[in-house]
Chemist: 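I'd like to ask some things about the structure below.
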There are 2 protein chains.
Amino acid sequence: MAASPVGPEIERLIAALSRLPGLGPRSARRAALALIKKKESLLLPLAEAARQAAEAARICSECGNIDSRDPCSICADPSRDASTIVVVEDVGDLWALERAAATKARYHVLGGVLAPLDGIGPEELNIAGLIARAAAPEVCEVILAVNATVEGQTTAHYLTDELASSGVKVTRLAHGVPVGGELDYLDEGTLAAAMRQRTAF
Amino acid sequence: MAASPVGPEIERLIAALSRLPGLGPRSARRAALALIKKKESLLLPLAEAARQAAEAARICSECGNIDSRDPCSICADPSRDASTIVVVEDVGDLWALERAAATKARYHVLGGVLAPLDGIGPEELNIAGLIARAAAPEVCEVILAVNATVEGQTTAHYLTDELASSGVKVTRLAHGVPVGGELDYLDEGTLAAAMRQRTAF
């Protein structure tokens, strides 16, 4: 491997890009080149957008969402249903549910899932905040929208136990056939769940 | 699709990232989230690196390479062989050859390939500059390191004709089996070329 043919400023851009999830060293190099070629329309806007986002982004002290305001625009929106809290593992899950317009409820971001082997216990997650919020008189339902993984389901069971004393209804997302999914390609667990939880046509 | 759950600054970062080659809208969102979560170690360094690269990057007036200096570090390096010019389509190809330490010669970046249907004729490429450079007395060989595509080969033929009067030797990269490649997965054209151009063992 020869010395880099580009200056240190360009090398640093490549290095910064290669740390993005989804970009390897090779594609980071390609991306850097594309950015530099369109300096005015791509590279400078990216620099400015990154600077402004770094300045603006804050974590909502209520739900844990990332937004440019605290409380976030969802928690601050009076039209959102305050009687229901949708519990998600990560901010990315919250954004996904919002894009799907799946709920008008509010959210609670755990910041991960229980993983005792990795040293992630209840104290490492934003569980105390959830228990406190669920104890508020207006809250009737907590929807556990955690991932359908072993860790996600373990966390869901733990939260169900913790929330039992608060008297709120605890629900979880339905399992079943993804919209557009083909049965032949689905795993047995999903098919069995979809059959068990079948609904009237 | 609901309104975005994030502020305009974060939306702009997602938009800027989604214009990177290799990142779609979905992965741009994921990348933005990862960046914002590691504001100090990822997002701010990216902003700074992008700003500095935009400021530093310039196109070499000699060969067309992108570097933080003009002439670029390759053209300015007296240890590089000035008797040979390696012609590439794009700066990315130049960087790839440098990473492979494939040559100690100098380069010439065409900035594309001939594509008459797309309105890219000889005037749109940096061909006049190549002819001028090849006419210099110290230049003995021009290596056409264009892609092995139809457009690349058309461009190579055109350049061969243009360079005929200059008296320099015009060569091209060898075709053959990629290192580590398996014959069973290679196309017939490559195999036939590898057989034709076989070398002594």
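Side-chain atoms are counted along with the backbone in the values below, which use heavy atoms only and exclude waters and symmetry mates.
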Chemist: Salt-bridge test for A:D90 and B:R30: reply yes if a basic N is under 4.0 Å from a carboxylate O, no otherwise.
Modeler: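 Looking at A:D90 and B:R30, the cut-off is not met.
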
Chemist: Using heavy-atom distances under 4.5 Å, tell me whether B:A31 contacts chain A through its side chain, its backbone, both, or neither.
Modeler: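 Both parts, backbone and side chain.
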
Chemist: At a heavy-atom separation under 4.5 Å, does A:L46 approach chain B through its side chain, its backbone, both, or neither?
Modeler: both

Chemist: Say you draw a straight line from CD of B:E162 to OG1 of B:T155; how long is it, rounded to the nearest 0.5 Å?
Modeler: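 So the gap between those two atoms works out to 12.0 Å.
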
Chemist: Could you tell me the separation between the CG atom of B:L94 and the CG atom of B:N65, rounded to the nearest 0.5 Å?
Modeler: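 Nearest 0.5 Å value for the CG-CG distance: 4.5 Å.
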
Chemist: Between B:K39, B:Q52, B:R19, which shows the greatest number of heavy-atom pairs under 4.5 Å with chain A?
Modeler: B:K39

Chemist: Would you say the side-chain atoms of B:E9 and A:S68 include a donor-acceptor pair closer than 3.5 Å?
Modeler: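 There is such a pair (donor and acceptor under 3.5 Å, judged by atom type) between the side chains of B:E9 and A:S68.
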
Chemist: Give a yes or no on whether B:E188 atom CD has more than 12 heavy-atom contacts from other residues, nucleotides or ligands under 6.0 Å away.
Modeler: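 Result for CD/B:E188: open.
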
Chemist: Does any heavy atom of chain A fall under 4.5 Å from the side chain of B:L35, the backbone, both, or neither of them?
Modeler: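 Side chain of B:L35 only, per the 4.5 Å heavy-atom cut-off to chain A.
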
Chemist: Only heavy atoms, only distances under 4.5 angstrom. Which residues in residues 189-201 of chain A are near chain B?
Modeler: none

Chemist: For B:L20, is it the side chain, the backbone, both or neither that has a heavy atom under 4.5 Å from a heavy atom of chain A?
Modeler: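 The side chain, not the backbone.
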
Chemist: Between B:L43 and chain A, with a heavy-atom cut-off of 4.5 Å, which part of the residue counts as in contact: side chain, backbone, both or neither?
Modeler: both

Chemist: Between A:R80 and A:I74 (side chain of the first, backbone of the second, donor and acceptor by atom type, cut-off under 3.5 Å), is there such a pair?
Modeler: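 Side chain of A:R80 to backbone of A:I74, a donor-acceptor pair under 3.5 Å: no, none is there.
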
Chemist: If you count heavy-atom pairs within less than 4.5 Å of chain A, which of B:A34, B:A96, B:A15, B:P21 leads?
Modeler: B:P21

Chemist: Is the side chain of B:E124 donor-acceptor paired with the backbone N or O of B:G121 at a distance under 3.5 Å, no angle test?
Modeler: yes

Chemist: Looking only at heavy atoms, which of residues 55-63 of chain A get nearer than 4.5 Å to chain B?
Modeler: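 Near chain B, by residue number: A:A56, A:A57.
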
Chemist: We want to know whether A:T149 and A:N147 form a side-chain donor-acceptor pair, criterion being a heavy-atom distance below 3.5 angstrom.
Modeler: no

Chemist: Are the charged groups of A:E48 and A:R51 less than 4.0 angstrom apart, N to O?
Modeler: yes

Chemist: For the residue pair A:T171 and A:L144, establish whether any side-chain heavy-atom pair is separated by less than 4.5 Å.
Modeler: no

Chemist: In terms of heavy-atom pairs under 4.5 Å with chain A, which of B:A54, B:A49, B:A53, B:A16 leads?
Modeler: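 Answer, by heavy-atom pair count under 4.5 Å with chain A: B:A54.
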
Chemist: Do the non-hydrogen side-chain atoms of B:L110 and B:V88 ever get within less than 4.5 Å of each other?
Modeler: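 SC-SC contact between B:L110 and B:V88 ruled out.
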
Chemist: Would you please say whether a donor-acceptor pair under 3.5 Å links the side chains of B:S79 and B:D77?
Modeler: yes

Chemist: For the residue pair A:T84 and A:Y107, establish whether any side-chain heavy-atom pair is separated by less than 4.5 Å.
Modeler: no

